[in-house]
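Working notes, structure below.
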Amino acid sequence: MSADRASPSYTTLRYEVADAIATITLDRPESLNTLTVPLKVELLAAFRAVARDRSVRAVVLTGAGRAFCAGQDLKERLEPDAAPLAVELRERYNPIIAAMRALDQPIVGAINGVAAGAGAALAFACDIRLAAEGATFVLAFGRIGLVPDSGSTWLLPRLVGPAKAAELALVGETMSAADAERFGLVARVVPAGSLDEEARATAVRLAGLAPVALALTKRALERSWSIDLDTALEDEAFRQGIAGATADHAEGIAAFLEKRPPRFTGE
Ligand code: LHQ
């Protein structure tokens, strides 16, 4: 494992790169990894470090200790110099969610425990979620007189459908890992003891695929929500034109015909 050399040293998260996989661990376990200004600044820096580093082919996002992330640190909101909520969202939360969704490399969320408020939104913004058996999701916003934010009103209905999203967002129901799997919010629930290993195995598989094709697939899936079928068909043809012109596509065919694993370079 090596720390990212181009970024400042992190104090509220761990950023480790090994075997083409960047693992970002929210690391304030004593506070359930609640989001403070330093953690938000570092999280954005970490995703920007991934975006700059073409040697990173996949990302794992997880939390240290018993929580994934309990959302905004509410104690910090009481500090006299706390920014107004709308400013905090525009300047700190929204850029993180936008950076995650714009990232070429896929993000595997390893949801190790409770994901609440903006912590749930962070989980929703991952491309693939695996959950430990005891993990829970709760849009805790309503309980403190706030509206769901950080992309959760956009992402959640797309993940679980409008009816379940309304229940989670309006009633603030806590969703268990088992229900999250049932409603398609997570790809798989695994025993807590094997979450890291399973998330890593998923990231290893992603890291072995062709990076340009993966990035194009991420974009196509995202765009599909706001276009009609005819536009999607044309969008796929356009993207396939790009993917088909890569050296990795030629390598994929050669490897298939030679009955060997492909070696994708991102070219
Ligand atoms: C916490 C927190 C927390 C501080 C647990 N802050 N201490 C907001 C404003 C600004 C900009 C825009 O966006 C947002 C977005 C948001 O994220 S709003 C939503 C913020 N999050 C919440 O409202 C969640 C509040 N927490 C909870 O509901 C529970 O703590 C959960 C469900 C996360 C975990 O429950 P338990 O496992 O039963 O743990 P606990 O409640 O006993 O918490 C353990 C400790 O952590 C406790 O402190 P203590 O000193 O008593 O041990 C909590 O006060 C503290 N804590 N979340 N967000």
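Order of appearance sets the numbers: ligands from 1, and atoms from 1 within every ligand.
- Arg28 and Thr34 form a side-chain donor-acceptor contact under 3.5 Å, judged by distance and modelled atom types alone.
- Heavy-atom contacts from other residues, nucleotides or ligands closer than 6.0 Å to CZ of Arg48 number 12 or fewer.
- The backbone N or O of Ala64 lies less than 3.5 Å from no partner atom in the side chain of Asp27, so there is not a single donor-acceptor pair.
- Shown are Ile111, Leu195, Asp196; of these, the side-chain contact (heavy atoms from CB on, under 4.5 Å) with Leu130 is made only by Leu195.
- Under the rule for a side chain to side chain contact (heavy atoms under 4.5 Å, CB included), the partners of Arg182 that lie at least two apart in sequence or sit in another chain are Asp179.
- There is no side-chain donor-acceptor pair under 3.5 Å between Tyr15 and Glu42.
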For ligand 1, output the ligand-protein N/O contacts shorter than 3.5 angstrom; if there are none, return none.
| unit_1 | atom_1 | unit_2 | atom_2 | d |
| --- | --- | --- | --- | --- |
| ligand 1 | 6 (N) | Leu74 | N | 2.8 |
| ligand 1 | 13 (O) | Asp149 | OD2 | 2.5 |
| ligand 1 | 17 (O) | Gln72 | N | 2.8 |
| ligand 1 | 17 (O) | Ala118 | N | 2.9 |
| ligand 1 | 21 (N) | Ala70 | O | 3.0 |
| ligand 1 | 37 (O) | Arg66 | NH1 | 2.8 |
| ligand 1 | 37 (O) | Arg66 | NH2 | 3.4 |
| ligand 1 | 39 (O) | Arg66 | NH2 | 3.1 |
| ligand 1 | 58 (N) | Ala70 | O | 3.2 |
| ligand 1 | 58 (N) | Gln72 | O | 2.8 |

